[in-house]
Colleague: 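First the structure, which I've put down as structure tokens, then a few questions once you've had a look.
Note that ligands are numbered from 1 as they come in the structure, with each ligand's atoms numbered from 1 the same way.
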Amino acid sequence: MTQDQQRGAAPPDVDVVVVGAGFAGLYMLYRLRGLGLRARAFEQASGVGGTWWWNRYPGARCDVESMQYSYGFSDELQQEWKWSERFASQPEILRYANHVADRLDLRQYISFSTRVQAASWDEATDLWTVRTDKGDAVRARHVVMATGCLSTARLPEIEGIGSFGGRTYHTGQWPHEAVDFTGQRVAVIGTGSSAIQAIPVIAAQAAQLTVFQRTANFSIPSHNAPMDEPYEQEWKSDYPARRAKARAQHTGILRNLNDKGALEVSEEERRAEYERRWAVGGTAFMVSFNDLVLNEESNRTAAEFVRSKIREIVKDARTAELLAPKDHPIGTKRICADTGYYETFNRPNVSLVDLRSNPIERIVPEGVKLADGTVHAVDAIVFATGFDAMTGTLTSMNISGVGGETLAEKWAAGPRTYLGLCSAGFPNLFMITGPGSPSVLSNMIVSIEQHVDWIAQCLAELRQKGLTRIEAEREAEDKWVEHNNEVAHRTLYPRAGSWYMGANVKGKPRVFMPYIGGVGTYRKICDEVAAESYRGFRLGEPAAVPA
Ligand code: N01
């Protein structure tokens, strides 16, 4: 007799509901099916791919090299797929996600165009009921939130957006049909990673492009290029060993590390190293020396180098000065990688508006009106204004746990998780790359695979032991949150008003959300927790059935 029958409860409809069918949801489904568990995924988009399904803006591409930004769990997959560029573009990554879904035959378990609206925990039966906008009410033993860290696009709090007479776009919700800016006057609001990729491509098409910048960002040229065949072969012939090494790295990415601090070498040597990294391209610039995000003075040398590059590239001195970031240490806002971003400001059809000295007052039917009364008349506005990152999707989903407390209530002062995997009071609910895990500070696919493997092993062990419940203990969670903060404050990261800190959303608590202790270290901690009978979790203990 099952525990459900003993308790007189109806068995669940499925063992696990997975929310989301991006890279996390797809691999989770694959592992669950491999364990023989009954799983159903809900995906609000009409296709797989998650972030790569939504972010179709011009120029969208990954800044982790293709040979590393891909699944490592299947040698067949990694051998058969051919990437065409050093850094893959969004369409190619989306094709890869579709290939994986087909190759592993996963679509049959996914309900597309279906948004999860609520999930509520029933203490009497140890079951979740997951409700969707299609009227589903599915009872599941476990829920896995594979909802992504950057999945709730955010429009800025600027008045009058609805009054604009032209077309508006958000980079994170780009239309599926091609957008043609030929002959148009276009405004881009925001200068984060998305804008920095989109701006050169839009500039090449539009008649006039006006970039509205509040905070200048550091960007390194990506030097993207067609895939080098020998390089691809070098990786493919050594994939298992390289993946294993990458998993033990701080960021889950194999890069050319330097064991020296920036101040340990002469100025000439330092400059030479920055020049070399600049020429290689990509975000590995941030590991030019081992202390760039730890030591203010070291950081300043890297920041000054990039500012000097911006001044060399951008011909108009005033524009160059505006583009040269001065208000945060380099790397403490996500470092960007670009293709011709700074060069774009030398084009005659591109201009930069500094919102620090002249903020946007409102959007008007003709365009963007600034505080000094100037109106920039445009035909289209692109909001590259980012996301309610890491927590926004989870807290807006109406998840209610033990005693009816919602996740939004529990996280009102900032996210509280144990290992970024679970939150006390929400039994049997897992988050993939949740706040409190390395997530956005790492190669997302490496972190996704680590979480999925950990959850799969955990569910297998629970089943083997006949347990129906796992819940993070408050004390373990409190200690993890404290550790998360403590590690973050050893670095320069909290100095920036970044989305890592929740600073981009009005009223959001300022807490450093991802775990910065490193992917390798974090993996060891998670493995130890599992090996020690899930230290910090309460297992089993099915609650008594009410009389
Ligand atoms: O969003 P962002 P994103 N008025 O939040 C500005 C990943 N990603 O979509 O800094 C005017 O970084 C805001 O200004 P400020 C990556 O992790 C990866 O670009 O708040 N401006 C900022 O400039 C990345 O970090 C890849 O002062 C306003 C911009 O909008 C994350 O996604 C590519 C404003 C938002 O920048 C998010 O990037 C793309 C307002 N009211 C994205 N409100 C790759 O892999 C906001 N802004 C390469």
Colleague: Does ligand 1 have any atom that is closer than 4.0 Å to a heavy atom of Ala384?
Modeller: yes
Colleague: Are Ile360 and ligand 1 in contact, using a heavy-atom cut-off of under 4.0 Å?
Modeller: no
Colleague: Could you check whether any heavy atom of Trp52 sits closer than 4.0 Å to an atom of ligand 1, since that is the contact criterion I want to use?
Modeller: no
Colleague: Out of all atoms in ligand 1, which are within 4.0 Å of some heavy atom of Ile189? Include the element for each.
Modeller: 11 (C), 21 (N)
Colleague: Do any nitrogen or oxygen atoms of Arg214 come within less than 3.5 Å of a nitrogen or oxygen of ligand 1?
Modeller: yes
Colleague: Does the gap between the ring centers of His483 and Trp480 come in under 6.0 Å?
Modeller: yes
Colleague: Looking only at non-hydrogen atoms, find the nearest pair between Ser193 and Tyr57 and report the distance.
Modeller: O-OH, 4.5 Å
Colleague: So if I count the atoms of ligand 1 from 1 in the order they appear, which ones are less than 4.0 Å from some heavy atom of Gln197?
Modeller: 33 (C), 48 (C)
Colleague: Ligand 1 and Thr215, any nitrogen or oxygen pair closer than 3.5 angstrom?
Modeller: yes
Colleague: If you look at every heavy atom in Ile310 and Pro325, which pair is closest and at what distance?
Modeller: CD1-CD, 3.8 Å
Colleague: Leu150: heavy atom below 4.0 Å from ligand 1, yes or no?
Modeller: yes
Colleague: Please tell me if the side chains of Ser66 and Lys82 come closer than 4.5 Å, counting only heavy atoms from C-beta onward.
Modeller: no
Colleague: With no hydrogens and no angle check, do the side chains of Arg356 and Thr215 hold a donor and an acceptor under 3.5 Å apart?
Modeller: yes
Colleague: Could you check which of Ser193, Pro156, Ala216 puts a non-hydrogen atom nearest to atom 24 (C) of ligand 1?
Modeller: Ser193
Colleague: Counting only nitrogen or oxygen atoms and a 3.5 angstrom limit, does Glu157 reach ligand 1?
Modeller: no
